[in-house]
Asker: 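I'd like to ask you about the structure that follows.
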Amino acid sequence: MADINDKEKAGDSKESLNFIEQIITDDLQEGKNDSRVHTRFPPEPNGYLHIGHAKSICLNFGLSNTFNGKCNLRFDDTNPVKEDTEYVDSIREDVKWLGFDWQDREFYASDYFEKLYQFAIKLIQKGKAYVCELNPEQIRDFRGTPTVPGTESPYRNRPVEENLDLFQRMRAGEFEDGKYLLRAKIDMASPNMHMRDPIVYRIRHTHHHRTGDNWCIYPMYDFAHGLSDYIEGITHSVCTLEFEVHRPLYDWFLDQVIDSDYRPRQIEFARLNLNYTIMSKRKLLKLVEEKYVSGWDDPRMPTISGLRRRGYTPASIRNFAERIGVAKRENLIDVSLLEFSIREDLNKNANRVMAVLDPVKLVITNYPEGQTETLEATINPEKPELGKREVPFGREVYIERDDFMEDPPKKFFRLAPGREVRLKYAYIIKCEEVIKDETGKITEIRCTYDPETKSGTGCTRKVKAALHWVEASTALDIEVRMFDRLFNVENPDTAEEGKDFTSNINPNSVKVLTHCKLEPTMKGAASDQGYQFERLGYFCIDSKDSKDDAMVFNRTVTLKDSWSKAKKK
RNA sequence: UGCCCGAUGGUGUAAUGGUAGCACGACAGAUUUUGAUUCUGUUUGCCAAGGUUCGAGUCCUUGUCGGGCAACCA
């Protein structure tokens, strides 16, 4: 009984921990690393950050927050052929935008090249590394396969002095690319492929975006990463599952250099997978390079910058990361969860505005010609303190073409011949007549209105629907871009035989609507926030493509729409 | 024929040997001047077989299924 009570109290005082928080809690309890918690987010600057990185960012910075620790931003820039400053700039911007602060702890693995070089010397001196002359094919052959042990390199027992000399000359630039390699001397028969004398340094006469031409030898990930963690005092090095088999190597390198009680620890978690979405940087790069999209920040891209341009908010992405949780099992998250997160945020925070995407003119025949009036509309029902906005109303308005049906099915609540609906914030109107052109297309709907039903005057008459509308003479003409999924299959990575993932691209993933109508209150509106186009969805101004008098809106996400479901049935 | 990791509703994620809970989805109802939101309710789950135990989602064994590992990438 007492046990149960204690447990309930504990449960009340803290939310349940994910497995990483549990590990850290245990480490803290054991007093490891002087009870410090220090994490890091370590991207390679070879592409833009995407929603999968957001999970890692939220995790690493979140961990440092909950344990009162620190989190570094570290660029893992050890392979100059793929890296560029454009990418480091975008990464810094995206992490900052997401709402995380690395303070003065912006580091680069390339800052440690000299230290890493000295570690390598130490390795050689201890007889734990050697200079190898095998070429790539030989390296592969000598490595064996997962089921067949490898064979030792003929250069494996080169004397320490010779290794030292050769390695120094590698650094000095005496040899061309590929001539020599520094390898760790571990175990060519290890069941773990990564322990079969892994490469530590390779020669690469390539300009590095930060160190320029100072170096012509570059360290490999396994060597550089763990030791960079060590140099920075990282306590918990959180990475994705595919590095799990690297952990013995991570620890091996540490064993060679550590001379204190402090030791960083690698912990792996399952990366984010989203259906209908491609997450591989290599593939995203292909989309950009081969112009399937307009750039890394194309609003259809799963990049942070793409989502931002699409109108996603930092909070919505953080909430999403929180909601999907962290574990070690493979997962496939439904994009609808991401969409839920942005709807949740925007519903609370986005100002309401009326717009008509596919306008058809509606004339109120008994409304005096030339007369206009100003109506009050709610800015945001979730935030009454924001008050009201004033929208003009007149004899001619635009309504959505979809909001009228000449021959409506049973479940259609909106306007139809002889039927009454309310124009939101205005009056109840009744459809009297439909005018069509010679092709049968409706060009004008003629209605009458009931002056006694003005909104806000205590009218109690109920109608089944309230339509959004925009007054014709004052309407702003805008362009709206509607985005659909970039890929129309759940798993875009799988493609038909002989084709690649690009064959899954949805050719209709962007639809541009011109001459949409927007209420005039939006003139000069801020581009850094989302708006709800009432009954249509959430939109944001594209500050990149909008000009002074030509506003372009991107659709962020639709509203949940039970009418479209009813239609299908 | 190797090594490492994992397996809880449709999708994710909790439980730390003691009542399988939460979120999203789905479904139903209420409210609604957005067919939105909000609110209420319902639904569906421990991979399998053994073992340990008073008691197993949790520990052990075996099996099954899934993922990862053979770049001079990270």
Side-chain angles (χ1 to χ4, degrees), chain A residues 3-4 7 11 15-18 22 42-44 46 76-79 81-83 132 134-136 139-141 143-150 177-178 180-183 190-196 199-204 218 220-222 224-225 239-248 268 270 275 281-282 322-334 336-337 339-341 343-344 347-348 352 354 377-378 381-382 411-414 421-426 428 453 455-456 459 462-468 532-537 558-566:
Chain A
D3 284 350
I4 292 168
K7 200 171 169 159
E15 304 232 327
S16 67
L17 303 179
N18 66 45
Q22 191 61 250
E44 183 189 14
N46 67 344
D76 225 342
D77 54 353
T78 56
N79 183 8
V81 306
K82 291 161 70 182
E83 297 154 6
C132 185
L134 259 25
N135 65 36
I139 290 276
R140 196 186 339 114
D141 293 343
R143 189 152 32 215
T145 71
T147 52
V148 178
D177 288 10
Y180 290 108
L181 232 37
L182 185 71
R183 292 231 258 164
S190 170
N192 183 341
M193 298 293 290
H194 297 278
M195 299 300 271
R196 322 245 260 228
I199 294 166
V200 180
Y201 269 89
R202 75 284 212 188
I203 301 173
R204 270 248 224 287
Y218 292 95
M220 298 289 288
Y221 166 85
D222 287 298
H225 198 92
C239 64
T240 47
L241 241 32
E242 66 267 27
F243 293 103
E244 207 160 21
V245 285
H246 294 239
R247 182 157 20 105
E268 311 84 14
N275 58 10
K281 261 197 212 172
R282 213 198 90 248
E322 184 63 34
R323 239 182 290 262
I324 58 178
V326 182
K328 287 191 77 165
R329 72 187 83 108
E330 292 295 329
N331 59 79
L332 180 63
I333 309 281
D334 201 306
S336 65
L337 190 60
E339 291 172 352
F340 166 81
S341 300
R343 278 197 198 98
E344 179 192 44
N347 173 57
K348 205 159 39 185
R352 309 297 130 117
M354 290 198 286
T378 305
E382 307 285 326
K411 285 189 168 173
F412 187 79
F413 301 159
R414 281 111 93 163
V421 297
R422 172 174 290 280
L423 292 178
K424 188 159 184 177
Y425 303 124
I428 291 177
T453 59
S455 289
C459 165
K462 300 282 183 204
V463 285
K464 277 219 153 184
L467 305 187
H468 61 278
Q532 187 192 100
F533 286 4
E534 216 141 356
R535 295 187 55 239
L536 296 174
T558 56
L559 252 40
K560 278 219 285 188
D561 178 14
S562 39
W563 161 237
S564 64
K565 254 184 287 173

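As a basis for the values below, the full set of heavy atoms in this structure was taken, side chains included, without hydrogen atoms, waters or symmetry mates. Naming convention: chains lettered A, B, ... in sequence-line order (proteins, then strands); numbering from 1 in each chain.
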Asker: Of the options B:C73, B:U13, B:U33, whose atoms approach the side-chain atoms of A:Ser455 most closely?
Answerer: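 Taking heavy atoms from C-beta onward, the closest nucleotide is B:U33.
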
Asker: Toward the 5' end of RNA chain B, which comes first, A:Asn18 or A:His194, by nearest nucleotide?
Answerer: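 On the 5' side of the pair lies A:Asn18.
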
Asker: Counting only side-chain N and O atoms of A:Ser564, is one of them less than 4.0 Å from OP1 or OP2 of B:G35?
Answerer: no

Asker: Represent RNA chain B in dot-bracket notation, 5' to 3'. Only Watson-Crick or G-U wobble pairs with both distances under 3.5 Å count; pseudoknot-style crossings use [ ] and interstrand partners use |.
Answerer: .((((((..((((....[..)))).(((((.......)))))....(((((..]....))))))))))).....

Asker: Pick the P atom in B:G67 and in B:U52, then give their distance to the nearest Å.
Answerer: 35 Å

Asker: Are A:Lys462 and B:U33 close enough that a side-chain N or O sits under 4.0 Å from OP1 or OP2?
Answerer: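 Result: yes.
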
Asker: Could you check if the base of B:A15 is syn or anti? Syn means the glycosidic torsion is within 90 degrees of 0.
Answerer: anti

Asker: Does A:Thr147 contact B:U1 through a side-chain donor or acceptor facing the base, at a distance under 3.5 Å?
Answerer: no

Asker: If the P atom of B:U42 is compared with that of B:A23, how far apart are they to the nearest Å?
Answerer: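 Per the computed distance, 13 Å lies between those P atoms.
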
Asker: How far does the P atom of B:U53 sit from the matching atom of B:U58, given to the nearest Å?
Answerer: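 So the two P atoms sit 16 Å from each other.
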
Asker: Any donor-acceptor pair, under 3.5 Å, between the side chain of A:His246 and the base of B:A74, if you only look at N and O atoms?
Answerer: yes

Asker: Please identify which of these residues, A:Glu534, A:Arg352, A:Lys424, A:Arg535, meets the side-chain hydrogen bond (donor to acceptor under 3.5 Å, both in side chains) condition with A:His468.
Answerer: A:Arg535

Asker: Is it the case that B:U34 (base atoms only) and A:Arg535 (side chain only) share a donor and an acceptor within less than 3.5 Å, ignoring hydrogens and angles?
Answerer: no

Asker: Measure from the side-chain heavy atoms of A:Glu244 and tell me the nearest of B:C5, B:U33, B:A14.
Answerer: B:C5

Asker: Using a 4.0 Å heavy-atom cut-off across all strands, classify A:Leu181 as base, sugar-phosphate, or nothing.
Answerer: base

Asker: Across the strands shown, which category fits A:Lys560 at heavy-atom distances under 4.0 angstrom: base, sugar-phosphate, nothing?
Answerer: sugar-phosphate

Asker: Begin from the C-alpha positions of A:Lys328 and A:Glu244 and carry the test salt bridge (Lys or Arg N to Asp or Glu O under 4.0 Å) through to its verdict.
Answerer: CA-CA 10 Å; A:Lys328 287 191 77 165; A:Glu244 207 160 21; 2.5 Å; yes

Asker: Let's test your reading of the model: under 3.5 Å, does the base of B:U37 pair with the side chain of A:Glu382 as donor and acceptor?
Answerer: no

Asker: With a 4.0 Å cut-off on heavy atoms, is A:Phe412 in touch with a base, just the backbone sugar-phosphate, or nothing at all?
Answerer: base

Asker: Taking only residues two or more places apart in sequence or in another chain, which ones pass side-chain contact (heavy atoms from CB on, under 4.5 Å) with A:Pro248?
Answerer: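 Only A:Asn192, A:Met195 meet the side-chain contact (heavy atoms from CB on, under 4.5 Å) criterion with A:Pro248.
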
Asker: Taking the six-membered ring for Trp, are A:His246 and A:Tyr221 parallel (under 30°), tilted (30 to 60°) or perpendicular (over 60°)?
Answerer: perpendicular

Asker: Check if the side chain of A:Arg343 and the base of B:U37 share a donor-acceptor pair of N or O atoms closer than 3.5 Å.
Answerer: no

Asker: Determine whether any donor atom in the side chain of A:Arg414 lies under 3.5 Å from an acceptor atom in the base of B:G35, or the reverse, and answer yes or no.
Answerer: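 Present.
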
